[in-house]
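Just so it is clear, the model here is predicted, and its values are computed rather than measured.
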Amino acid sequence: EDQKLSLEVTFKEFHEVHGVPKNQLLVGVPFYGRGWGDVAPTELIPGLPGLGAPGTATVQGAWDDAGLYTGSNPWYQLKRMEQDPAYTKYWDDEAKVPYLYNASTQQFFTYDDPRSVQAKVDFITKNNYGGAIIWDLSGDTPDTELGSIVAQVLDTDSTPEPEPTPEPEPVVDPKTG
């Protein structure tokens, strides 16, 4: 567990250490996922086969061009895969995202779903961050399942208080001191 690799810690550091205003920090919300092959069912975390195990770029996704193996699949495709009995859906509680795993083919897919997108929206609104950036809108379902959740950011007043303006230094006249 690397505490520096969390959204919460990263955003806090950008704001508090580097002085980036909260309203300029946007959370990425992908409407797609990635897949890997040759992922052994190793359980580095009990009950979560494949999570954290090495894999290879051998899965061709629905969004991949011929000969490419990035495993890129839109949310609507991953949602269909969730219904396929060949895959088991798991929840990574540390990352707060789901993943699909097929033990027989050793394919592993990580992505965002309504639960993980809602967690990101809650994080944005609770902490008054600037909003969300989505890639790629075309990956959503026809009824905009994920987009409807992200739209909640627009429905809240998450505008942070402006950063305080420092008082100007008094000008001292060198003649009068």
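Few gaps surround CG on Leu68; more than 12 heavy atoms of other groups in view lie less than 6.0 Å from it.
In terms of modelled atom types and a separation under 3.5 Å, the side chain of Asn127 and the main chain of Tyr129 share no donor-acceptor contact. Asn73 places no side-chain N or O within 3.5 Å of a backbone atom of Leu78 that could act as its donor or acceptor partner. For Asp38 (side chain) and Thr56 (main-chain N/O), no donor-acceptor pair under 3.5 Å exists by modelled atom type. Side chain of Asp64 to backbone of Thr70: a donor-acceptor contact under 3.5 angstrom is found. Panel note: side chain Ser6, backbone Val9; a donor-acceptor pair is recorded below 3.5 Å. With Glu13 contributing its side chain and Val17 its backbone, the two residues share no donor-acceptor pair below 3.5 Å. Side-chain N or O atoms of Lys96 include none that pairs as donor or acceptor with a backbone N or O of Ala119 at under 3.5 Å.
For the pair Pro114 and Glu145, the tightest heavy-atom approach, listed with the atom from each and the gap, is CG-OE2, 3.3 Å. Nearest heavy-atom pair, Pro98 versus Lys89, reported as atom, atom and distance to 0.1 Å: CB-CE, 3.7 Å. Scanning both residues, Lys120 and Pro30, for their nearest heavy atoms gives NZ-CD, 3.7 Å. Across Val59 and Gly37, no two heavy atoms sit closer than the pair CG2-N, 3.4 Å. Contact between Gln60 and Asp65 at its shortest, heavy atoms only, is NE2-O, 2.9 Å. Ser116 and Asp112 make their closest contact through OG-OD1, 2.6 Å (heavy atoms, listed as atom of the first residue, atom of the second, distance).
No continuous path of ILVMFWY side-chain contacts below 4.5 Å connects Ile133 to Val117, so the two sit in separate hydrophobic clusters. Using a 4.5 Å cut-off between side-chain heavy atoms of Ile, Leu, Val, Met, Phe, Trp and Tyr, with links allowed through other members, Tyr99 and Met81 fall into different hydrophobic clusters. Hydrophobic clustering, with ILVMFWY side chains joined whenever heavy atoms are under 4.5 angstrom apart, groups Val29 together with Leu137. Cluster membership for Leu51 and Tyr90, using ILVMFWY side-chain heavy atoms within less than 4.5 angstrom, is shared. Two different hydrophobic clusters hold Leu26 and Phe14 under the rule that ILVMFWY side chains link at heavy-atom gaps under 4.5 Å.
To the nearest 0.5 angstrom, Lys126 atom NZ is 6.5 Å from Glu8 atom CD. Atom CD1 of Ile124 is separated from atom NZ of Lys22 by 12.5 Å, given to the nearest 0.5 angstrom. Here the NZ-NE2 distance, from Lys12 to His18, works out to 13.5 Å after rounding to the nearest 0.5 Å. For the atom pair Asp113 CG and Leu146 CG, the distance stands at 7.5 Å (nearest 0.5 Å). Note that CG of Leu25 is 9.5 Å distant from CG of Leu7, once rounded to the nearest 0.5 Å. Within the model, atoms CZ of Arg115 and CD1 of Ile149 stand 12.5 Å from one another, a figure rounded to the nearest 0.5 Å.
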Step-by-step side-chain contact (heavy atoms from CB on, under 4.5 Å) determination, Trp63 to Asp136: CA-CA 11 Å; Trp63 279 357; Asp136 174 316; 3.9 Å; yes
Audit row: Thr141, Lys79, side-chain contact (heavy atoms from CB on, under 4.5 Å) steps and yes/no: CA-CA 9 Å; Thr141 57; Lys79 184 175 180 174; 4.1 Å; yes
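Under the side-chain contact (heavy atoms from CB on, under 4.5 Å) criterion, Ala95 pairs with Asp92, Val97, not counting sequence neighbours. Under the side-chain contact (heavy atoms from CB on, under 4.5 Å) criterion, Val39 pairs with Trp36, Ala53, Tyr101, Phe108, not counting sequence neighbours.
Ring planes of Phe11 and Phe123: perpendicular class, angle over 60° (limits at 30 and 60°).
By the 4.5 Å heavy-atom criterion applied to side chains, Glu82 and Leu100 are counted as neighbours. Looking at heavy atoms from C-beta onward, Trp75 lies in side-chain contact with Asp140 at the 4.5 angstrom threshold.
Inspection of the Ser72 and Arg34 side chains reveals an N or O donor paired with an N or O acceptor under 3.5 Å. Under 3.5 Å, the side chains of Asp122 and Gln118 contain a donor-acceptor pair of N or O atoms. Gln77 and Arg80 form a side-chain donor-acceptor contact under 3.5 Å, judged by distance and modelled atom types alone.
Here the two rings, on Tyr111 and Phe31, have centers that are 6.0 Å apart or farther.
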